[in-house]
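Reviewing the structure listed below.
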Number of protein chains: 2
Amino acid sequence: MNKSTVSKENIRQKRTRDKVINLAMHALAKNPKASLNDIAEAAEVGRATLFRYFKSRKQLIHELVIEADNKLENATRPIVEKKLNARDTLEEFIKVLVPLGASFHFLNSEQLHSEGSGIDDLYSNQLMRLKELSIRLQAEKVVAANIPLAWIAVVLDNLIYAAWVTVLEGDIAPNDAPGLVLYSFLNGLSPH
Amino acid sequence: MNKSTVSKENIRQKRTRDKVINLAMHALAKNPKASLNDIAEAAEVGRATLFRYFKSRKQLIHELVIEADNKLENATRPIVEKKLNARDTLEEFIKVLVPLGASFHFLNSEQLHSEGSGIDDLYSNQLMRLKELSIRLQAEKVVAANIPLAWIAVVLDNLIYAAWVTVLEGDIAPNDAPGLVLYSFLNGLSPH
DNA sequence: CCCACATGATACACAAAAGTATCACAAAAA
DNA sequence: TTTTTGTGATACTTTTGTGTATCATGTGGG
């Protein structure tokens, strides 16, 4: 077994692994009670393959959480590094997070009734990003001073998730969603 | 078995039944995957008692859904009957719905991966109420005309749920919550 | 004080899901 | 073509959850 053999095999394995991770996350975001049968079917692999890549349901969930966190981290880090003002950072955050609604929601829902361990840290990462943004929004007076910090983060969180769901159900256009979230968050829904 | 005996026993039974229904709903709202063991524990009764009142998990869920719908219906009907304008109806809706977050969320989450039957109707009731209100809000120009109807309803839905969660976690005062929802919904979070 | 009865605990039968082992097949490498 | 290896299918065991039956206990009413 030489080097090239290893890498080529790894490519094939990596493909199925990625496929499983993505489709499994979607399936579990839709239905948190999905059995491994359901998940295998959704991921378009045999149930045996599931166990080849993840030794237990617990570990599968754990890796899904890690993957979700990575996706969110990779999406937001470049934005943070741009060092824009809070308002523009908010806009870019929303733009990248709405399409990641599955990861976003998955991470949020799994921590509550956490099936595994070590999840709390990752979830706090995610919450932390929104909390930090909230603090900046308030400091730079993008958000009114009298709004509780917790409320800012939770509204942002929920609007993003709501947008993702509404897009999925076909009720709003994918390209309209981020704008709606931003506008609703800043100005609400009443006419101005 | 005379009349008074019957009624007194009924009182005792009604107490445990109510207790079970309330605590079970909370438990399932927190964790949709809760087993009957978990539910019995949360409801502070033996598992056997659960089966005395509900012949199966399916029926338990079904009755919880009915109960949740009743709570929401009873809370909102008097408001509708007042025939206020849309803006004031909205305000009163929010006031009564935030504390009912458990019922609210339960009804929302159970329909997706519905464990039973007949749920769809009740959920549509619930959604219908918010949709109707959304239509009125737009007709009476409380909400801008260019906002998609689906978005209005989903934002309202999520803000109410978000408020309930945030109150539960102790991050905002129960009495502040409805005001925050109303304000955020209409005006957003930016200073004015 | 005694009786009726709701409850909790326990033990059990059964179903569904999780997890393991094996084999034949297909695709890609040799 | 032959070999290697990832995969799906299947059959199996173990574990967990659902649902049933029984009994002892405690409480509340007569």
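Quantities reported herein were computed from a predicted structural model and do not represent experimental measurements. Sequence lines set the chain letters: A, B, ... in the order given, protein chains first and strands last, and positions in each chain run from 1.
- Ranked by how close their nearest DNA chain D nucleotide is to the 5' end, Ser56(B) and Ala48(A) are led by Ala48(A).
- With dA11(D), dA9(D), dT7(C) as the candidates, the nucleotide lying closest to the side chain of Thr49(B) is dT7(C).
- Using a 4.0 Å cut-off between a side-chain N of Lys or Arg and a carboxylate O of Asp or Glu, Arg87(B) and Glu91(B) qualify as a salt bridge.
- A salt bridge is defined here as a Lys NZ or Arg NE, NH1 or NH2 lying under 4.0 Å from an Asp or Glu carboxylate O, and Lys19(A) with Glu44(A) meets this definition.
- The side chain of Thr16(B) contributes an N or O atom lying less than 4.0 Å from OP1 or OP2 of dT7(C).
- Annotation: the terminal axes of the helix from dC1(C)-dG30(D) to dA30(C)-dT1(D) meet at 30°, where each axis is the rotation carrying the C1' atoms of four end pairs onto the next four (5 pairs per end, rounded to 10°).
- Between Tyr161(B) and His105(B), the ring planes lie parallel to each other; the angle is under 30°, not in the 30° to 60° tilted range.
- A straight line from CD of Glu41(B) to P of dG8(C) spans 13 Å, rounded to a whole angstrom.
- Note on Tyr53(A): every side-chain N or O is 4.0 Å or more away from OP1 and OP2 of dG6(D).
- Nucleotides of DNA chain C nearest to Asn37(A) and Arg52(A) differ in position, and the one nearer the 5' end is that of Asn37(A).
- Counting non-hydrogen atoms of neighbouring residues, nucleotides and ligands closer than 6.0 angstrom, the CD atom of Glu41(B) reaches no more than 12 such neighbours.
- Judged by distance alone, with hydrogens and angles left aside, Arg47(A) brings a side-chain donor or acceptor within reach of the base of dG19(C), the pair sitting under 3.5 Å.
- Look at CZ on Phe51(B): it is 7 Å from P on dT20(D), rounded to the nearest Å.
- The Ser35(A) side chain lies nearest to dA18(C) when the options are dA18(C), dT20(D), dG17(D).
- The side chain of Leu36(B) approaches dG19(D) more closely than any other nucleotide in the set dG19(D), dA18(C), dG8(D).
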